[in-house]
Amino acid sequence: MTTPATTAPATTPASGQLRSRLSGLVRRREKDAADDGVDRGILSDHDRKRGGVRLSMSAVHVILFVGLVVAGLGPLLWLAKAAVTPTQDTLTQPFALWPNGIDWANLEQAWNDIHIDQYFVNTLVVAAGSWFFQVLIATTAGYALSVLRPKYAPILNALVLATLFIPAVVLLVPLYLTILHPPVIGVSMLNTYWAVWLPAAANAFNILLVKRFFDGLPREVFEAARTDGAGPFRVFWSIVLPMSKPIIGVVSVFAVIAAWKDFLWPLLVLPDPAVQPLSVRLPAVQSQTELDVFLAALAISTLIPVVLFLVFQRLFLRGAGLGGAVKG
């Protein structure tokens with residue numbers, strides 16, 4: 001018997017068009033996949049190479065940069081200039097650069113005569129205590145709700161979230177009565193820094209912020225630590241906290257800035273001027289102080305928040321750095 005010869009199908013024009021369309025579609029998808037990692041903007045690379053477009057884009061960048069500098073640094077730079085400018089020059093020529101010279105005595109007068117040094121130390125104590133207790137409560141509460149996860153964790157999470165819907169003004173009277181007559185110790189905390197530190201520690205926003213960060217930590221690291229015999233405290237101290245430097249930096253900035261600028265609550269619970277911070281004392285002495293000396297005191301009071309932001313700004317921009325935390 002003879003086997004019939006196998007004949008190849010003839011290539012028709014329709015099949016050739018279909019094959020070309022498929023190959024074009026594959027090439028288009030490959031090009032799109034290659035372009036996924038490339039940032040796309042309003043202008044293409046070809047348009048950016050044109051002289052007129054490049055010049056106009058550079059002009060827009062310069063204008064935006066100058067506008068941001070003026071809006072962001074302008075008030076601070078003017079305050080720094082006014083702090084060493086005589087009162088008459090500030091009133092007559094507020095934007096002139098020292099028409100009659102620099103008066104460095106304003107800073108010395110503000111530091112000594114208004115006792116800025118004492119109120120500055122009070123502010124540091126208030127800010128340091130508020131920072132410590134806020135970081136302590138936020139990290140431990142976030143660890144309990146996110147990592148330990150007890151059975152009643154959803155209820156606690158809902159209660160913490162519910163406190164964000166209560167206006168702060170509504171809590172002033174009950175919180176003041178609690179500070180005046182504490183339920184356990186029975187000793188009034190007025191004119192003590194505990195009256196500022198403890199209410200500041202109960203910050204629901206910080207707790208939820210830290211909990212959200214802890215939710216993104218790799219669970220494999222916790223399981224490996226528990227397998228090696230690490231307890232809850234060891235996991236928290238040796239694993240969670242070292243991995244949480246970015247969020248601790250964010251909470252630290254929020255805590256210090258909030259404590260530095262808070263006015264109403266320290267005014268209520270710290271009626272003694274000897275323990276009041278700068279935010280309370282500066283408005284009280286404004287009517288009795290020369291303008292140049294008062295502006296010098298304001299410049300000194302804004303120094304620490306600016307320095308703290310410059311120190312902690314890397315923690316805002318830096319990632320968690322957890323790429324090598326889990327091997328394999």
Side-chain angles (χ1 to χ4, degrees), residues 114-145 152 155-211 248 250-289 294 297-298 300-302 304-305 308:
I114 308 182
H115 302 291
I116 291 296
D117 53 348
Q118 176 185 352
Y119 305 135
F120 194 83
V121 173
N122 295 344
T123 308
L124 287 178
V125 173
V126 170
S130 299
W131 166 80
F132 174 77
F133 285 105
Q134 287 192 47
V135 171
L136 176 65
I137 298 300
T139 52
T140 53
Y143 176 71
L145 295 175
Y152 49 85
I155 300 176
L156 290 179
N157 191 23
L159 292 176
V160 172
L161 182 62
T163 59
L164 294 177
F165 297 93
I166 303 176
V169 179
V170 177
L171 300 175
L172 284 178
V173 174
L175 192 58
Y176 179 81
L177 295 178
T178 303
I179 294 298
L180 189 62
H181 303 289
V184 178
I185 61 177
V187 179
S188 176
M189 289 188 289
L190 286 181
N191 285 322
T192 64
Y193 294 122
W194 292 101
V196 180
W197 294 342
L198 296 182
N203 193 312
F205 177 78
N206 289 340
I207 294 175
L208 296 177
L209 189 66
V210 174
K211 176 189 176 298
I248 292 177
V250 172
V251 173
S252 299
V253 172
F254 288 164
V256 173
I257 296 300
W260 203 271
K261 68 179 183 179
D262 193 12
F263 170 75
L264 182 57
W265 183 247
L267 178 65
L268 293 176
V269 298
L270 300 175
D272 186 6
V275 296
Q276 288 179 345
L278 283 169
S279 60
V280 178
R281 288 308 300 163
L282 285 180
V285 302
Q286 179 180 3
S287 60
Q288 309 166 4
T289 309
F294 181 72
L298 288 179
I300 295 174
S301 66
T302 58
I304 292 297
L308 285 175

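Positions are given from 1 along the sequence.
Between Ile137 and Asn203, every side-chain heavy-atom pair lies at or beyond the 4.5 Å cut-off. In this structure, the side chains of Val126 and Trp131 stay at 4.5 Å or more apart for every pair of heavy atoms. By the 4.5 Å heavy-atom criterion applied to side chains, Leu209 and Phe254 are counted as neighbours. Side chains of Leu282 and Ile116 form a contact here, defined as non-hydrogen atoms less than 4.5 Å apart.
Annotation for Met189 and Leu198: closest pair SD-CD1, 4.1 Å, computed over non-hydrogen atoms. Closest non-hydrogen pair, Gln276 versus Asp272, comes out as CG-O, 3.2 Å. Residue Ser130 comes nearest to Val196 through the heavy atom pair OG-CG1, 4.2 Å, listed as atom of the first residue, atom of the second, then distance. Contact record, Val210 with Gly142: CG1-CA, 4.5 Å, taken as the closest heavy-atom pair. Shown here for Val280 and Phe263, the closest heavy-atom pair between the two residues is CG2-O, 3.8 Å. In this structure, Leu270 and Thr192 approach most closely via the heavy-atom pair CD2-O, 3.6 Å.
For the atom pair CG of Asn191 and CD1 of Ile179, the computed distance is 12.0 Å after rounding to the nearest 0.5 Å. Between the CD atom in Gln134 and the OG1 atom in Thr139 there is a gap of 11.5 Å [rounded to 0.5 Å]. A distance of 8.5 Å separates CG of Leu190 from NE2 of His181, quoted to the nearest 0.5 Å. We find the CG-CG distance between Leu268 and Leu172 to be 6.5 Å, quoted to the nearest 0.5 Å. Leu267 contributes atom CG, which lies 10.0 Å from atom CG of Asp262 (distance to the nearest 0.5 angstrom).
Judged by distance alone, with hydrogens and angles left aside, the side-chain atoms of Thr123 form no donor-acceptor pair with the main-chain N or O of Pro277 at under 3.5 Å. Here the side chain of Trp260 pairs a donor or acceptor atom with the backbone of Ser301 at under 3.5 angstrom. In this structure a side-chain-to-backbone donor-acceptor pair under 3.5 Å is present from Asn122 to Ala274. The main-chain N or O of Val160 is found under 3.5 Å from a side-chain atom of Thr163 such that the two form a donor-acceptor pair.
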>> Go through it in stages, so that I can follow the logic: the residues are Asn157 and Leu208, the test is side chain to side chain contact (heavy atoms under 4.5 Å, CB included), and I'd like the CA-CA distance, side-chain angles, deciding distance and then a yes or no.
In response: CA-CA 8 Å; Asn157 191 23; Leu208 296 177; 3.3 Å; yes
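In Ile155, the CD1 atom is not crowded: 12 or fewer heavy atoms of neighbouring residues, nucleotides or ligands sit closer than 6.0 Å.
Ring-plane geometry between Tyr193 and Trp197 is classed as parallel, the angle between the planes falling under 30 degrees on a 0 to 90 degree scale with a further cut at 60. Ring orientation note: the planes of Tyr176 and Trp265 are nearly perpendicular, at an angle over 60° on the 30°/60° scale.
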